[in-house]
> 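First the structure, then my questions, so here it is.
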Amino acid sequence: MKTAKQIRSEFVDFFKGKNHEIVPSSPIVPIGDETLLFANAGMNQFKDIFLGLAPAQHRRVADSQKCLRVSGKHNDLEEVGKDTYHHTFFEMLGNWSFDDYFKAESIEWAWELLTKVWGIDPDRLWATVFAGDAADGLPKDDEAANLWPKVTPLPAERVLACSKKDNFWEMGEIGPCGPCSEIHIDLGPEMCDMKNVPNHECRVNGGCARYIELWNLVFIQFNRQPGGKLVPLSARYVDTGAGLERIVAVMQKKASNYDTDLFMPIIERTGRITGHKYTSKLGNKTDNAFRVIADHIRALVFAITDGATPSNEGRGYVIRRILRRASRFGRELGMHEPFIYKLVPVVVDCLGEAFGEIGERADYVSTVIESEEASFGRTLDRGIEIFAGAAERAQKSKDKVISGEDAFQLYDTFGFPLDLTQLMAQERSLKVDTAKFSELMEQQRQRARAAQKDVWLSGVSNINFSASAELTVNKNLPETEDLHKYHTDQCDAAIAGLIDGDGFKDKGQIDTGAQVGIVLDKTCFYAEAGGQVGDCGIIQSAKARFIVEKTVKIANCIVHQGKVAEGAFDIGEKVHAVVSKDRNSVKRNHTATHLLQWALQEVLGKSVAQQGSYVGPDYLRFDLTYPKAPTAEQLGQVEELVREKIAADLPVTWTIMPKDQARKLGAMALFGEKYGDEVRVVALGAEDKNGINEAFSREFCGGTHVDRLGVIGGFKIIKEESIAAGVRRITALTGSALTSHLEKGSDIADELSAMLKVPSESLVERVGQLLKDNKKLAKELKAAARHSGTDSMAEARGLLAKSEKTGEASIVIGQLSTTTVEQAREAVDMLKKKAKSAAIVLGFDDDGRATLLAGVTDDLVAKGLKAGDIVKEIAPIVDGGGGGRPQMAQAGGKNPKKIGDALTRAGEIIKQKLGG
Ligand code: ATP
Ligand code: MG
């Protein structure tokens with residue numbers, strides 16, 4: 001039996017034999033294409049060729065493309081686990097012709113590979129062709145229909161004509177398109193999963209699992225124009241796609257893709273971890289959980305490896321949804337603790353040879369998955385309970401619908417993606433009120449938006465400079481020559497036009513105060529890219545001055561955003577552009593970022609990868625993938641290495657070279673970044689451009705750099721933190737920013753030295769001692785207070801012991817030594833309890849103030865003796881006043897010397913009242 005690995009290589013070798021160039025899969029997270037969340041077909045990476053925007057490097061190409069179908073036009077998420085042949089992540093084997101061979105060869109070769117190389121029974125194969133479409137004025141694809149029986153032994157009656165829905169491929173509303181021809185396999189009547197559906201008929205494209213599509217051959221021969229008209233293309237293309245998992249299942253004679261060597265190791269590992277057994281049955285809850293988890297972990301490993309991270313929007317939310325679904329299915333296997341991350345190594349075992357990147361990033365991917373599992377795990381069980389309640393309410397409702405409010409609460413409080421709630425609802429034959437849910441989501445979004453700050457310059461704020469808007473704005477933007485940024489910080493240029501809210505204009509005036517983007521024919525300004533901020537500066541003419549606040553790049557046009565501070569400009573006018581001195585600090589920080597990455601790899605290992613960076617004039621920030629916090633010692637080593645290189649004052653050079661040569665030299669590229677064929681490589685430590693071999697660090701980089709490392713002038717890490725699971729962020733300073741940071745620190749130290757009267761070397765020790773003393777004193781103080789408290793109690797008890805009695809009632813009167821009001825109150829309460837029937841009056845000197853407290857038990861209050869009355873009467877004796885309730889009252893006065901008198905008077909009052 002052939003392994004999946006063999007089958008993949010046989011595909012590649014077959015097309016190599018037909019003179020195809022074998023290319024790597026593009027990343028599953030498309031770079032530079034904001035219109036697509038994830039690669040979902042082999043053709044994605046060749047889109048620009050079909051659109052005529054880029055030349056084809058090779059006329060014939062083949063590969064195995066990583067695909068994810070979980071969003072947009074292609075979404076197979078619902079199918080996963082329920083059938084045996086739809087996955088979220090799968091490999092699409094493909095071959096392409098860019099205006100080279102066409103239908104005959106594509107059909108012949110597909111057949112040859114399937115039946116001759118792979119030995120699939122030809123009698124089980126069927127083909128389909130495009131049946132034509134009246135609305136589009138297109139006839140049947142007779143060309144393909146006639147070719148099948150001609151170039152292959154497939155009889156004409158097994159070539160079916162199918163409608164536009166299945167057999168006409170379009171890239172979008174407009175653009176390249178054409179008929180397809182698909183190859184399906186008949187897996188036998190026993191595979192039908194729709195036997196219970198009335199009137200079901202097993203046939204190609206009939207919806208059941210008996211006939212499965214293996215390979216789709218697309219013949220791109222038309223262009224759909226705006227308005228819908230189709231015109232033939234002068235260049236014609238072939239774009240094919242075959243699902244590896246399906247072919248492997250057929251060849252390994254398995255009834256399900258999950259039973260092949262692409263999935264079984266994952267399923268077995270899941271079984272070992274969970275203690276459950278997989279029985280390969282459809283419709284079985286446990287088996288379904290096994291399949292979903294096996295599918296989802298593959299998707300997660302590939303997507304996270306290629307740069308997607310779980311978050312609350314866009315790509316990140318798709319990843320989060322997949323992970324949360326997998327977690328929920330983990331509950332079906334009795335798993336309440338994170339465990340999905342433990343499957344990462346087995347995915348690497350299965351696919352790491354074909355896709356080396358997943359092995360390289362496995363630790364990082366595990367960390368991300370584990371932390372996401374852990375955080376969802378905290379709310380999942382409770383969420384499942386809440387769901388049960390919601391489901392019960394829905395059962396009782398007329399339409400059996402889970403309310404939008406419940407779904408929203410599950411989303412908002414328990415992190416349940418809507419599709420998870422829907423899936424769980426479906427399991428109980430319930431629906432979800434998605435309209436209400438969306439309404440609540442929208443309300444929340446609006447609240448969030450209101451809280452968000454406004455963007456950029458008001459004058460141009462309605463231009464969205466993100467890539468999606470680029471498509472609409474960049475068409476008529478001129479190209480700016482900007483290589484000057486590497487050599488100079490000022491240049492002469494002419495104004496080519498301006499960009500404001502209405503788009504690009506190449507005629508007219510730019511008036512005083514205008515907030516616009518100025519486009520020059522050439523510039524020395526660096527546009528924001530690769531983490532380096534765009535330059536600031538000024539653009540001036542004899543009569544006017546424009547302050548550049550930021551420089552950005554749209555397509556190949558450099559836009560200087562800012563404001564006319566003085567005078568007015570004419571478009572076409574000659575100007576002088578000067579970059580702000582800040583650029584020098586930016587250069588220092590950029591080169592230091594390269595040094596930092598190199599040093600981090602030296603200290604923490606080669607698996608450290610750049611996840612993002614910020615290079616500004618003020619500081620630099622570097623995000624790296626690393627599973628745990630580096631130790632202080634490791635960070636110290638990193639700083640030391642960077643400083644050594646700065647001190648050695650080695651040269652910095654850059655060269656433009658072919659991408660392959662750069663890779664051979666080991667130059668570090670940003671993970672997943674799309675580069676042209678020629679790349680700029682910045683080298684640290686080489687004597688000259690030709691001596692690039694001596695460099696100790698080489699990076700693909702378009703940024704601006706210092707000429708010699710010594711210019712950086714110093715380096716210090718000021719912060720190291722975690723910003724996401726498996727991602728650390730380092731913030732560092734160089735040059736003058738570092739000097740002022742150090743100066744500030746030294747000023748503070750000087751001030752403290754003066755204050756504490758010790759030399760600065762002893763500051764730490766001195767402050768440490770002070771803190772220790774402080775702690776000790778606080779402890780002593782507490783003990784002392786407690787002590788004096790006990791004393792007051794003891795004193796009070798003493799007073800009770802020698803108190804007079806009138807009948808059953810004790811009359812407790814006396815003065816306490818130092819105490820607090822709280823303690824005295826406690827003493828009164830204590831006496832009341834102890835004596836059962838008592839009238840108590842206590843006085844004490846509270847730091848120069850006379851304080852008197854009176855307490856009377858309820859039985860005596862009933863006899864007309866009230867604490868408030870007593871206090872009111874005796875307070876004037878100490879020059880004060882007071883009052884309170886019948887049971888408890890308090891007074892204060894200015895004359896503590898008279899406390900004794902007041903107490904004597906109190907005794908008299910009480911005795912009088914009680915008739916003693
Ligand atoms: P289907 O109708 O089976 O969903 P499709 O028409 O969506 O297939 P294409 O877009 O033509 O498929 O993709 C080309 C090939 O990729 C298919 O012939 C099939 O072998 C494979 N394929 C498509 N979707 C999936 C999936 N979700 N999982 C595994 N393989 C797939
Ligand atoms: Mg499909």
Side-chain angles (χ1 to χ4, degrees), residues 4 7-8 11 25 28 36 38-44 46 62-96 106-107 110 113-114 118 120 125-130 160 162-172 177-187 191 193-194 203-220 238-251 254 256-260 262-263 291-292 294-296 298-299 302 318 322 351:
I7 296 167
R8 190 190 296 107
F11 175 87
S25 168
I28 208 159
L36 189 65
F38 296 100
N40 59 16
M43 56 70 57
N44 297 153
F46 306 113
D63 75 359
S64 171
Q65 172 68 43
K66 310 180 266 190
C67 292
L68 194 60
R69 291 196 166 179
V70 282
S71 51
K73 184 174 151 199
H74 290 293
N75 189 345
D76 292 334
L77 188 61
E78 298 300 315
E79 260 54 68
V80 171
K82 288 188 202 145
D83 76 14
T84 55
Y85 57 99
H86 277 102
H87 308 295
T88 55
F89 169 82
F90 67 99
E91 286 179 61
M92 197 189 283
L93 304 170
N95 58 291
W96 285 271
S106 322
I107 292 173
L113 179 58
L114 289 173
W118 285 338
I120 295 176
L125 297 178
W126 290 70
T128 63
V129 297
F130 175 50
L160 309 172
C162 296
S163 71
K164 186 173 164 183
K165 177 179 140 282
D166 283 309
N167 281 59
F168 195 84
W169 179 87
E170 310 215 28
M171 184 180 288
C177 54
C180 2
S181 185
E182 295 177 342
I183 303 168
H184 294 248
I185 188 164
D186 178 358
L187 297 171
M191 291 301 293
D193 53 356
M194 291 173 72
R203 58 176 172 81
V204 168
N205 285 334
C208 77
R210 173 174 169 186
Y211 289 90
I212 289 182
E213 179 190 324
L214 289 182
W215 202 337
N216 189 0
L217 317 176
V218 183
F219 309 121
I220 301 174
V238 172
D239 158 28
T240 89
L244 174 71
E245 295 75 4
R246 294 183 188 183
I247 287 174
V248 171
V250 170
M251 295 194 51
K254 303 290 186 196
S256 157
N257 292 3
Y258 294 96
D259 294 343
T260 67
L262 285 167
F263 289 90
R291 284 186 291 268
V292 172
D295 174 274
H296 287 9
R298 291 179 7 128
F302 277 88
V318 174
I322 296 178
L351 296 164

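Just so you know, ligand 1 is whichever comes first in the structure, and atom 1 is the first atom listed for that ligand.
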> Show the atoms of ligand 1 that are less than 4.0 angstrom away from any heavy atom in Tyr85.
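Answer for ligand 1: 28 (N), 29 (C).
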
> Using a 4.0 Å cut-off to any heavy atom of Gly241, which atoms of ligand 1 qualify?
14 (C), 15 (C), 18 (O)

> Polar-atom distance check: Gly243 versus ligand 1, any N or O pair below 3.5 Å?
yes

> Considering both backbone and side-chain atoms of Glu245, is one of its nitrogen or oxygen atoms within less than 3.5 Å of a nitrogen or oxygen in ligand 1?
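Checking ligand 1 against Glu245, no N or O pair falls under 3.5 Å apart.
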
> Is the shortest side-chain heavy-atom distance between Glu245 and His86 below 4.5 Å?
no

> Without swapping roles, check the side chain of Asn44 against the backbone of Ala41 for a donor-acceptor pair under 3.5 Å.
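Yes; at least one donor-acceptor contact below 3.5 Å.
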
> Give the intermediate values and the outcome of side-chain contact (heavy atoms from CB on, under 4.5 Å) for residues Phe263 and Lys254.
CA-CA 12 Å; Phe263 289 90; Lys254 303 290 186 196; over 6 Å; no

> Atom 27 (N) of ligand 1: which protein heavy atom is closest, and how many Å away?
Asp76 OD2, 2.6 Å

> With distance as the sole test, does Asn216 use its side chain to make a donor-acceptor pair with the main-chain N or O of Thr240 at under 3.5 Å?
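Side chain of Asn216 to backbone of Thr240, a donor-acceptor pair under 3.5 Å: no, none is there.
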
> Could you tell me the residue and atom name of the protein heavy atom closest to atom 18 (O) of ligand 1, and the distance to it rounded to 0.1 Å?
Glu213 OE2, 2.7 Å

> Evaluate the ring planes of Tyr211 and Trp126, with Trp represented by its six-membered ring, and classify them as parallel (under 30°), tilted (30 to 60°) or perpendicular (over 60°).
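Geometry flag for Trp126 against Tyr211: perpendicular rings.
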
> Do any nitrogen or oxygen atoms of Glu182 lie less than 3.5 angstrom from nitrogen or oxygen atoms of ligand 1?
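There is no such contact.
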
> Suppose we measure from atom 11 (O) of ligand 1 to each protein heavy atom; which comes out shortest, and what is that distance?
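Its nearest protein heavy-atom neighbour is Asn216 ND2, 2.8 Å.
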
> Would you call the rings of Phe46 and Trp96 parallel, tilted or perpendicular if under 30° counts as parallel and over 60° as perpendicular?
tilted

> Looking only at distance, does Ala242 have an N or O less than 3.5 Å from an N or O of ligand 1?
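Checking ligand 1 against Ala242, no N or O pair falls under 3.5 Å apart.
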
> Starting from atom 19 (C) of ligand 1, which protein heavy atom do you reach first, and at what distance in Å?
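Of every protein heavy atom, Arg246 NH1, 3.4 Å lies nearest to atom 19 (C) of ligand 1.
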
> With no hydrogens and no angle check, is any side-chain donor or acceptor of Arg246 less than 3.5 Å from a backbone partner on Glu213?
yes

> For Met92, counting its heavy atoms only, list the atoms of ligand 1 lying under 4.0 Å from any of them.
13 (O), 14 (C), 16 (O)

> Between Asp295 and Thr88, is there a donor-acceptor pair closer than 3.5 Å when you use the side chain of the first and the backbone of the second?
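Yes, because the side chain of Asp295 sits within donor-acceptor range (under 3.5 Å) of the backbone of Thr88.
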
> Starting from atom 4 (O) of ligand 1, locate the nearest protein heavy atom and write down its residue, its atom name and how far away it is, to 0.1 Å.
His86 NE2, 2.6 Å

> Under 3.5 Å, side chain of Ser64 to main-chain N/O of Glu91, donor-acceptor pair present?
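No; judged by distance alone, with no hydrogens or angles, the pair does not exist.
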
> Does at least one non-hydrogen atom of Trp169 fall below 4.0 angstrom from an atom of ligand 1?
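Outside the 4.0 Å threshold, so no.
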
> For side-chain contact (heavy atoms from CB on, under 4.5 Å), just list the numbers for Ile28 and Phe89, CA-CA rounded to whole Å, side-chain angles, deciding distance to a tenth of an Å, and then say yes or no.
CA-CA 9 Å; Ile28 208 159; Phe89 169 82; 3.6 Å; yes

> Identify, for atom 23 (C) of ligand 1, the protein heavy atom at the shortest distance, and state residue, atom and that distance.
Arg69 NH1, 3.3 Å

> So Met92 and Arg69, side-chain contact (heavy atoms from CB on, under 4.5 Å) or not? Walk me through it.
CA-CA 11 Å; Met92 197 189 283; Arg69 291 196 166 179; 3.4 Å; yes

> Counting from 1, what ligand 1 atoms have a heavy atom of Leu214 closer than 4.0 Å?
18 (O), 20 (O)

> Note the single closest protein heavy atom to atom 16 (O) of ligand 1, along with its residue, its atom name and the distance in Å.
Phe90 CE1, 3.6 Å

> Is His74 in polar range of ligand 1, meaning some N or O pair under 3.5 Å apart?
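It does not: no N or O of His74 is found under 3.5 Å from an N or O of ligand 1.
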
> Do me a favour and list the nearest non-hydrogen protein atom to atom 28 (N) of ligand 1 with residue, atom name and distance?
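Closest protein heavy atom to atom 28 (N) of ligand 1: His87 N, 3.0 Å.
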
